[in-house]
Amino acid sequence: METWIIKAVSIFAGAFGLAIAAFGGAQGQGKAAAAALEAIARQPEAGDRIFTTLILSLALIESLVIYALAVALVLIFVI
Amino acid sequence: MAETKKKTSLFKRKSTWVALLFIVLYAFVFAIPYIFPAYNELMHPHKLEIGPQPTEVSLAGSPLNNTFFGVILTSLIFIFVVVVLGRGVRKPGSKLAVMAEMAWGSVQSLTSTILGHEGERYEVAVGSFFGFILIGNLIGLFSGLALPFFGVSKNFKMLIPPTTDLAVTTGLAISAIVYIHTQYIRVRGLKNYLGHYVKPFAFMIPINILEEISRPLSLAVRLFGNLTGEHIVLEVISGLVPFVIPIAIMVLGLFTGFVQALVFTMLFLVYLQSAISSKGGH
């Protein structure tokens with residue numbers, strides 16, 4: 001009885017938490033990508049350096065979402 | 001007259017027959033699981049189990065994982081590619097030589113954008129990390145491939161990319177971090193290395209140590225999480241519609257695998273740069 005409740009709650013928490021994390025990550029990544037595109041359009045010759053920095057910052061933003069994904073995987077598959 | 005002509009010409013068009021063929025093909029694909037109940041067992045034996053699965057092959061009494069075979073296959077492919085490209089270099093002007101120079105040139109440009117002229121001695125490490133992770137990620141495209149023809153065992157059904165195992169990514173991250181610390185000591189001396197733990201104040205030691213620990217952790221979890229998420233999506237989609245549709249996800253996987261290999265290599269370079277640059281810190 002109690003394990004059933006724990007399982008249901010942890011699955012719900014995993015899905016809901018991942019949704020919140022994806023929302024925040026998408027907002028941040030959208031802002032970063034928009035700023036980088038503007039910069040490249042203004043200064044195309046600096047495109048390579050901007051692209052490198054963009055990929056790095058996207059990875060760093062994405063890593064927080066990935067932590068949420070790891071927690072959600074543990075919640076859904078392990079517990 | 002014209003209407004009858006149109007009716008007869010409908011079945012003379014090639015496109016009609018192609019469309020009919022596709023409809024029949026789709027109907028057949030959707031009907032397969034009902035006609036042959038063993039099909040699902042054969043094609044999708046894994047019920048969405050993430051990570052490594054034990055096989056019936058055992059070494060010294062303990063069963064080996066899928067990851068073991070994935071890592072060995074990745075290493076063999078990587079060594080094969082490097083040896084073939086290396087042979088091509090000796091014949092200047094051949095296709096292989098051009099390919100090898102393109103690959104090596106991209107590694108060199110990636111290293112020099114972050115490290116500058118100091119980066120020449122680190123090109124081999126950068127290329128090795130990038131190549132191994134890229135090949136390991138791209139093996140995931142064959143993950144739907146059942147391997148009955150290996151004849152090894154019944155449980156050895158599926159080839160998982162080795163980077164979807166947390167053990168492999170942790171190993172890669174720890175080797176990268178150990179390399180970076182070694183280079184820190186080699187370039188700037190042991191005194192500076194020990195000194196950078198107490199840099200602003202002495203009581204910052206725990207925070208500095210925490211920072212050093214969180215770097216390999218984030219490297220490992222990032223690679224593992226990205227590849228596992230993409231792999232799960234591919235498995236779910238190919239479990240729903242095992243025909244044509246997963247190709248779109250596979251194309252996405254091609255991109256994800258490349259970008260994640262690039263990101264791992266780039267973060268390795270950035271950490272290395274913050275370790276060996278004379279300004280210190282970041």
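The structure displayed is predicted, hence computed values, not measured ones. Chain A is the first sequence line, chain B the second, and so forth, proteins listed ahead of strands; every chain is numbered from 1.
- Contact between B:V221 and A:A70 at its shortest, heavy atoms only, is CG1-CB, 4.3 Å.
- A:I66 approaches B:G225 most closely through the heavy-atom pair CG2-CA, 3.6 Å.
- Around the CD atom of B:E120, the shell of radius 6.0 Å holds no more than 12 heavy atoms that belong to other residues, nucleotides or ligands.
- Of all the listed residues (B:T113, B:V263, B:N226), the one sharing the greatest number of non-hydrogen pairs under 4.5 Å with chain A is B:N226.
- Enclosure of atom CZ in B:F258 is not indicated, since only 12 or fewer non-hydrogen atoms of other residues, nucleotides or ligands lie within 6.0 angstrom.
- Residues B:R222 and A:L60 are in side-chain contact: their nearest non-hydrogen atoms beyond the backbone lie under 4.5 Å apart.
- One finds the CE atom of B:M266 at 6.5 Å from the CD1 atom of A:I55 (value rounded to the nearest 0.5 Å).
- With contacts defined as side-chain heavy-atom distances shorter than 4.5 Å, the pair A:L73/B:I232 qualifies.
- Applying the 6.0 Å contact sphere to CG of B:N208 captures more than 12 heavy atoms from other residues, nucleotides or ligands.
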